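Just below is one structure, and these are the notes that go with it.
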Amino acid sequence: MANQYYTSVSFVVFVFALLLLYQLSTDVSVQQEKELENVLIEYDLAKYKDYIYLSSCTSVVALVKFWSKNNEQSLPSLPDENIKLDLIEKAENIKQHLILHHLLKKWELLDVKKKFFNSGFDSLEKLRGADVTQFKSKFSRKQLDTWVNFKESLSIPDEDFLNLLRIYVGIFILSLCVALFTGMVLTMSQPRLEATYGNQKLGLLSYVTGRYLSPLKCKVAFDWTEPQVVGDTMSFTVKFFQRNGNIYPICNQDHVLIEISQGTYKIACNVQLGGQQLSDINTARVQFTVRRAGEYRICVLVGMTHIHGSPFLKYFVPGPPDPTKTCFVHHSSTVVGSEDIPTQLFIEPRDKYGNLCTVEKIGTIQNGDFHVIILNQEESLTVQKNVAKKNKCYEVKLLALNSERFPKPKKIYCYISPKQLTLKEYMWKFFSQASDHLSFMSIYQV
């Protein structure tokens with residue numbers, strides 16, 4: 001129902017604008033024709049009326065332009081060459097008089113126009129050669145001062161007047177077209193705007209005057225500077241404005257949406273619209289807590305439309321290393337190394353929230369206690385040979401297991417591989433039972 005209403009209003013406005021434009025163009029045409037008739041009578045050109053109208057001259061400007069000396073090659077052929085020369089000469093006189101009339105009107109000297117003409121100065125060229133003191137006795141003090149200033153500024157080319165007329169007419173027509181087009185766009189888009197921006201009930205007058213919430217006018221102010229360390233509660237404010245620049249009182253019915261994400265994670269935030277102070281009626285305050293380091297994407301939308309600058313990208317850096325979160329990579333309770341051969345251990349530093357960070361001064365890490373065994377070259381070579389052999393086993397005596405001592409030592413077999421030590425006990429020499437597995441994930445050389 002609302003769409004039909006706005007469509008009907010748009011059609012009425014469109015038709016009204018067309019009628020107005022037609023009426024204005026008709027009035028201008030009638031006025032131009034009257035001026036042309038008066039000029040033809042004044043300059044004794046009424047006898048050439050048929051030739052003038054055949055050349056499509058419906059205004060004084062068109063007459064001067066068509067029958068100009070510069071357009072002599074394009075003029076139509078007339079029965080008598082003298083008629084053409086007379087038309088060209090008088091069109092030139094009309095042009096000079098129009099230019100002079102325009103300048104006198106601009107300088108407020110139309111009252112002394114007859115005095116110039118009676119003295120033989122009926123064109124701009126003749127006035128350029130006039131003596132300033134020639135009219136001293138004929139003009140008042142004010143007119144004389146204006147005449148002096150006018151005489152000093154006589155450097156405008158003759159074609160300027162016609163160019164100005166064309167510019168004025170062009171500006172007038174362009175203004176009408178812009179007004180018509182703007183009215184059509186605003187009224188046609190009205191129903192869609194109401195659906196896009198939520199609960200706004202806009203009339204034509206409200207939209208034309210800009211009294212509605214505009215996402216492009218909204219502004220965001222962040223309460224921190226970058227780079228910011230994780231761990232704190234951050235806040236920023238959003239200011240809402242109307243299209244005309246005035247503040248817009250924001251409420252829940254305006255469908256303001258704040259979305260904050262870090263990678264694939266959605267970050268919860270608290271949004272407070274308005275406030276107790278009058279200056280806060282167009283303000284939304286947003287708070288969220290930062291735990292993960294990296295890039296955060298902040299989207300502020302009104303309905304389904306992003307405000308100016310949205311989405312915003314903000315970066316947060318990890319905090320200092322935390323000993324309780326920092327640990328060795330591939331940790332082992334025992335580290336075996338060889339004499340004169342470097343053994344590398346890798347530490348993964350993390351802050352209190354588990355973010356990877358740079359190593360600074362740090363205390364004892366959570367898995368920092370381990371044993372180190374250093375083998376000489378002969379021992380190291382023996383270990384390597386034994387580990388390289390498959391199914392190599394040793395017969396040993398197991399005295400205790402899980403801190404429990406056996407009454408009698410058990411006979412078991414020890415199998416060594418590059419990554420683990422396996423203890424097996426055989427029953428009736430056919431079946432084996434794995435007694436225990438000791439992991440040596442971290443006992444290796446790099």
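Below, each value reflects all heavy atoms present in this structure, side chains not excepted, and no hydrogens, waters or symmetry copies. Because the structure is a prediction, the values reported are computed rather than measured.
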Check: Side chains of Asp254 and Tyr248: closer than 4.5 Å at any heavy-atom pair?
Finding: yes
Notebook entry, point to check: Would you say Val230 and Asn355 make side-chain contact, with heavy atoms under 4.5 Å?
Noted result: yes
Notebook entry, point to check: Closest approach of Gly231 and Arg291, non-hydrogen atoms and distance?
Noted result: O-NH1, 3.2 Å
Next item on the list: Looking only at non-hydrogen atoms, find the nearest pair between Glu226 and Tyr315 and report the distance.
Entry: OE2-N, 2.6 Å
Next item on the list: Flag the pair Ile365 / Pro349 as yes when at least one side-chain heavy-atom distance between them is below 4.5 Å, and no otherwise.
Entry: no
Margin query: Tell me if the centroids of the rings in Phe312 and Phe236 come within less than 6.0 Å of each other.
Written below: no
Next item on the list: Give, for atom CD1 of Ile267 and atom CE of Met234, the distance between the pair rounded to the nearest 0.5 Å.
Entry: 13.0 Å
Notebook entry, point to check: For the residue pair Val300 and Ser310, what are the closest heavy atoms and their distance?
Noted result: N-OG, 3.0 Å
Check: Out of curiosity, Leu273 CG to Ile281 CD1, how far, rounded to the nearest 0.5 Å?
Finding: 12.5 Å
Item checked: Heavy-atom pair with the smallest gap, counting every atom of Cys218 and Phe241 -> SG-N, 4.1 Å
Next item on the list: Please step through side-chain contact (heavy atoms from CB on, under 4.5 Å) for the pair Lys217 and Gln242, ending with a clear verdict.
Entry: CA-CA 7 Å; Lys217 292 289 184 177; Gln242 301 178 19; over 6 Å; no
Check: With a 3.5 Å cut-off and no angle check, do the side chains of Ser261 and Lys266 form a donor-acceptor pair?
Finding: no
Checklist line | Spacing of Arg243 atom CZ and Tyr212 atom OH [to the nearest 0.5 Å] | finding: 5.5 Å
Next item on the list: Answer yes or no: does atom CD of Gln287 have more than 12 heavy-atom neighbours from other residues, nucleotides or ligands under 6.0 Å?
Entry: yes
Note to self: Is the shortest side-chain heavy-atom distance between Ile258 and Phe288 below 4.5 Å?
What the structure shows: no
Next item on the list: Walk me through it: do Ile250 and Asn282 pass the test side-chain contact (heavy atoms from CB on, under 4.5 Å)?
Entry: CA-CA 5 Å; Ile250 197 68; Asn282 69 321; 5.7 Å; no
Check: Is any side-chain heavy atom of Ser380 closer than 4.5 Å to a side-chain heavy atom of Glu339?
Finding: no
Notebook entry, point to check: Is there side-chain contact between Arg285 and Asp223, with heavy atoms separated by less than 4.5 Å?
Noted result: yes
Checklist line | Worked verdict on Lys424 versus Ile412 for side-chain contact (heavy atoms from CB on, under 4.5 Å) | finding: CA-CA 6 Å; Lys424 293 184 179 181; Ile412 61 174; over 6 Å; no
Note to self: side-chain contact (heavy atoms from CB on, under 4.5 Å), that's the test. Do Leu399 and Phe406 meet it? Break it down for me.
What the structure shows: CA-CA 6 Å; Leu399 302 178; Phe406 297 123; 5.9 Å; no
Next item on the list: Using a cut-off of 6.0 Å, state whether more than 12 heavy atoms not belonging to Lys239 lie near its atom NZ.
Entry: yes
Notebook entry, point to check: Is there a donor-acceptor contact under 3.5 Å from the side chain of Glu404 to the main chain of Leu401?
Noted result: no
Notebook entry, point to check: So, do Lys411 and Lys397 sit near enough that their side-chain heavy atoms are less than 4.5 Å apart?
Noted result: yes
Note to self: Would you compute the distance between atom CZ of Arg211 and atom CG of Asn244 and round it to the nearest 0.5 angstrom?
What the structure shows: 8.0 Å
Checklist line | Any Gln277 side-chain heavy atom under 4.5 Å of Thr283 side chain | finding: no
Next item on the list: Supply the atom-to-atom distance Leu381 CG to Leu375 CG, rounded to the nearest 0.5 angstrom.
Entry: 11.0 Å
Next item on the list: Please name the pair of heavy atoms, one in Gly294 and one in Gln262, separated by the smallest distance, quoted to 0.1 Å.
Entry: CA-NE2, 4.0 Å
Next item on the list: Hey, could you give me the CG/CG distance between Asp322 and Asp351, rounded to the nearest 0.5 Å?
Entry: 7.5 Å
Checklist line | Closest non-hydrogen atom pair, Cys357 against Gly319 | finding: CB-O, 3.5 Å
Notebook entry, point to check: More than 12 heavy atoms of other residues, nucleotides or ligands under 6.0 Å from CG of Leu313: is that the case?
Noted result: yes
